[in-house]
Number of protein chains: 2
Amino acid sequence: MAQIITGNSDLIKQVNRSLVLDLIRQRGPISKADVKQITGLNFTTVTNAVKDLISQGLVQEIGYGTSSGGRRPMLLTLNPEARYVIGCHLQSTELIVGLYDLVGRLLYSESHSKLPADTPEMVVDRIRTGMYNLLAKAEVDIKKVEGMGVAAPGPLDAENGVLYTPPNMLGWHNVPLKQMLEQATGVPVFVDKDGNAAAVGEVWFGKGKGVRNLIFIIVDDGIGAGIVVHGQLYRGSNTGAGEIGHITIDLDGPRCSCGNYGCLEAIASGFALVRKAGEAIRRGATSQLTPHLNNITLSQLLTAADAGDKLACDLLEECGRLLGIAIANVVNMYNPELIVLGGKLIQHSPLVFHRAQELAHNRAFSVLAEKVRIIPATLGDKYLLAGAAALVFTHLFRGPMNDLPA
Amino acid sequence: MAQIITGNSDLIKQVNRSLVLDLIRQRGPISKADVKQITGLNFTTVTNAVKDLISQGLVQEIGYGTSSGGRRPMLLTLNPEARYVIGCHLQSTELIVGLYDLVGRLLYSESHSKLPADTPEMVVDRIRTGMYNLLAKAEVDIKKVEGMGVAAPGPLDAENGVLYTPPNMLGWHNVPLKQMLEQATGVPVFVDKDGNAAAVGEVWFGKGKGVRNLIFIIVDDGIGAGIVVHGQLYRGSNTGAGEIGHITIDLDGPRCSCGNYGCLEAIASGFALVRKAGEAIRRGATSQLTPHLNNITLSQLLTAADAGDKLACDLLEECGRLLGIAIANVVNMYNPELIVLGGKLIQHSPLVFHRAQELAHNRAFSVLAEKVRIIPATLGDKYLLAGAAALVFTHLFRGPMNDLPA
DNA sequence: GCATGTTAATATGGGATTTAGAATAAGTGG
DNA sequence: CCACTTATTCTAAATCCCATATTAACATGC
């Protein structure tokens, strides 16, 4: 039994406070009368809850609304400046820190270059100074920072915020990032893998609002996913759910870095495309990538495709096809309402997206395929930074009973 | 927002009552003092809750325990005869009805033959009379029946208890089974697909006790699964989660009944094995199945394998291998703590199970493969009947906050 | 401009439940 | 027989919600 929650007046209070707070957050300017109407709570209860929330600074009265035949209602909204949230997107070569207000607006962000050889201590220090820079710029007191969310490359232990062996970070093994950052900054830190952050971000700020079953698939150098079921982030038993890069699509496919054969990541990821391009050229294919044969990059490949390079286009199309089949598998297993695709390959190549979408719809079990929507990520290039921030919002707004996005 | 739960004294009461009830259920004979200790509730609260539960007949005092240095504790248990539950396993050719007491013991069961051409009305009537037979035999008043759980073949709508188009049931389309049965019997009915029932049964009565993330895979004529995540049954957006029979394993595989190519069900199900056996014999393979060429059954194939028939053994081994690869995919996507395999192929062929187990462990992403346990079903041949009953137990024992199996 | 009705918000008293702490009951061990 | 421990019951106080009455502010029609 994870955590026994007993019923007492405190629980009631928490339940109702968070219910009211979340309603004010979601339904924008709203009167107490409407809150009473929607929740079914007694007016006195609503009044007391709102009084509490106002005294905590979370909610503010913004003036009277229009009358509908009687006394004008006092409208309530979230106070955007009541609390702030730090988002942090950690990659092997870049580090972005952003400051969000309570309604999820990005106020400032800073990008720091990062070398694979940088130590955890150096990175933590850079995040700390980045955070203080942002706070200074926005003139925000650190006391108003509700927490920091970190989107990091997996595999990791989300509960304890420990990075196991992030790719391309030399010497990083079992780094207790959460603990280090909390010590360095003094604010609560929530670490999760990038796929999960992206999923939560989409549910919180994007087209996933109100969606209870959603999967976010990141197609980048590698392939990973974040999964939301029953309106909550699903991490599996060891933060390993969503390793869709390593599902077998092709029984006789090439060997993958994980040791198996025919994994999705081995045939449809950014890395795989680059490898395939090199192989094709060596086999004699003509392509504008030929001069770069020994160090083709994904960006070059995408650029070549934009310019109509046949090899690049074929590779992307095939990538989309394989992705589509994998997505069909995901649909058959999870029967989600929404699948969101993100990552460099999706963002820069409509071809990949459309092919994947088409094949997923064709190949998934028809009843399920009809219902699922498959869309590209809606939060632009900072989707992982927003997702990192959303990790904190989830904790801030969740009560014992209201089931919230992720 | 699905259902707004507000906090009031009634919620408190429900939370604590169900917490105490569930504790008594799980920890067997237990004293109020221990309940207080474990839950952290006040003694008065525990006393009142227990008083309520006793007056409802759900809990009974069974005498004093041994002293540990002070007054002897009065021990509490569930009253097995307080309520009863009907389980019903519906298949195209057979119908089993069983009567379970509150602690999950099967008191009586009846098997009825069923023809594919039987109408829903006939089946409902047979279930009704079956139920009354059982109640008469056990001398149980129908008022004590908490509900009926039905494990049925998918696809179906579990919420409304509607069977869409169950295989091999002629003329069954959108049958509102829940509604029909509730009208016929007067007790609450919970319909779910067989995979889900099996999963819940395993969590409730089998090796899945206390497991929060589990997947039950049924390998029979077809292949399906039931999924438990966060300790709750996961049905997906349209009761379609767990259609693992239709995930693509082999890009260039044979056509499946669903219209795609290389689905697991098309290459590793009972139906597929029978088809493959016929094909192999026609191609000239020698086998003791040859005389039955035009109507080979799965049982014959399994018997042949037991007798050492090379073709049958090879087919089963290949089946296990393919299953193992599919299971590895499931592990990579769900990262469950436990995978349970059931169904005719698993129950009758250790070869299939062991091969599948081995390959799944070899092919899944290593971090996840190390943690997952893969075991055969533990509830014998009535696992689906038990699962059907468990569907009701879930409703009976779940409170607003205690997260229970399924 | 005033009476009437409507909507929003506040104030008051009552009820349900938990909690804390004292009191009681029933043991153990020396 | 006494000191100590454990289990249980009893009583009073606290907290929170709810129902109802009341006040406040506005719209509308005459």
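FYI, side chains are in, hydrogens and waters are out, and symmetry mates aren't considered; it's all heavy atoms of this structure. Just so you know, these numbers come straight off a predicted model, no measurement behind them. Per chain, numbering begins at 1; letters A, B, ... match sequence-line order.
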Practice problem: Taking side-chain contact (heavy atoms from CB on, under 4.5 Å) as the test, write out the residues that go with B:Ala158, two or more places apart. | Solution: B:Leu156, B:Asp192, B:Arg235, B:Thr239
Practice problem: State the CG-CG distance between A:Asn16 and A:Leu23, to the nearest 0.5 angstrom. | Solution: 11.5 Å
Quiz item: What are the 5'-most and 3'-most nucleotides of DNA chain D lying under 4.0 Å from any heavy atom of chain B?
Solution: D:dT5 to D:dC18
Quiz item: Can you find a pair of side-chain heavy atoms, one from B:Leu102 and one from B:Leu396, that are under 4.5 Å apart?
Solution: yes
Quiz prompt | Distance, rounded to the nearest Å, where B:Arg17 contributes CZ and C:dA16 contributes C1' | solution = 11 Å
Quiz item: Say you draw a straight line from CD1 of A:Ile12 to CD1 of B:Ile12; how long is it, rounded to the nearest 0.5 Å?
Solution: 3.0 Å
Quiz item: So do A:Met131 and A:Ile142 actually touch side chain to side chain, heavy atoms under 4.5 Å?
Solution: yes
Practice problem: Using a heavy-atom cut-off of under 4.0 Å over every strand shown, decide if B:Asp10 touches base, sugar-phosphate, or nothing. | Solution: nothing
Quiz item: From B:Asn335 CG over to A:Asn238 CG, what is the distance, rounded to the nearest 0.5 angstrom?
Solution: 4.5 Å
Quiz item: Of all the nucleotides listed (C:dT12, C:dA9, C:dT19), which has the minimum atom distance to the side chain of B:Leu41?
Solution: C:dT19
Quiz item: In chain order, what residues pass the side-chain contact (heavy atoms from CB on, under 4.5 Å) check against A:Ala198, with sequence neighbours excluded?
Solution: A:Phe216, A:Ile218, A:Tyr383, A:Leu384
Quiz item: Within the structure shown, what part of the strands sits under 4.0 Å from B:Thr6 by heavy-atom distance: base, sugar-phosphate, or nothing?
Solution: nothing
Exercise. Answer with base, sugar-phosphate or nothing: what part of the nucleic acid does B:Asn42 contact at a heavy-atom distance below 4.0 Å?
Key: base
Self-check item: Residue-level proximity of residues 45-53 of chain A to DNA chain D when a heavy atom falls under 4.0 Å
Solution: A:Thr45
Self-check item: Phosphate-side-chain proximity, A:Lys32 and C:dA8, N/O vs OP1/OP2 below 4.0 Å
Solution: no
Quiz item: Heavy-atom distance under 4.5 Å between the side chains of B:Glu61 and B:Leu76, does that happen here?
Solution: yes
Quiz item: Starting at CZ of B:Arg71 and ending at C1' of C:dG29, how long is that distance when rounded to a whole Å?
Solution: 19 Å
Exercise. Whole angstrom is fine here: how far is it from CG in B:Leu19 over to P in C:dT18?
Key: 11 Å
Self-check item: Nearest-angstrom distance from the residue atom NZ of B:Lys36 to P of C:dT19
Solution: 10 Å
Practice problem: Output the residues of residues 56-67 of chain B in contact with DNA chain C, where contact means a heavy atom of the residue under 4.0 Å from an atom of the strand; sort by number or write none. | Solution: B:Ser67
Quiz prompt | Position toward the 5' end of DNA chain D (nearest nucleotide), A:Ser68 or B:Ala33 | solution = B:Ala33
Quiz item: Hey, which of these two, B:Ile12 or B:Gly70, hits DNA chain C nearer its 5' end, going by closest nucleotide?
Solution: B:Ile12
Quiz prompt | Integer-rounded Å distance: C:dT12 P and A:Phe43 CZ | solution = 17 Å
Quiz item: Above 12 or not: heavy atoms from other molecules or residues under 6.0 Å from CD of A:Gln37?
Solution: no
Exercise. Sort and list the pairs that fulfil salt bridge (Lys or Arg N to Asp or Glu O under 4.0 Å) and have at least one residue in residues 77-86 of chain B, not counting sequence neighbours.
Key: B:Arg83-B:Glu146
Quiz item: What integer distance in Å separates A:Met74:CE from C:dA8:P?
Solution: 13 Å
Quiz item: Can we say A:Arg27 and A:Asp34 salt-bridge, meaning some charged N sits less than 4.0 Å from an Asp/Glu carboxylate O?
Solution: no
Quiz item: Under 30°, 30 to 60°, or over 60°: which ring-plane class applies to A:His230 and B:Tyr234, parallel, tilted or perpendicular?
Solution: perpendicular
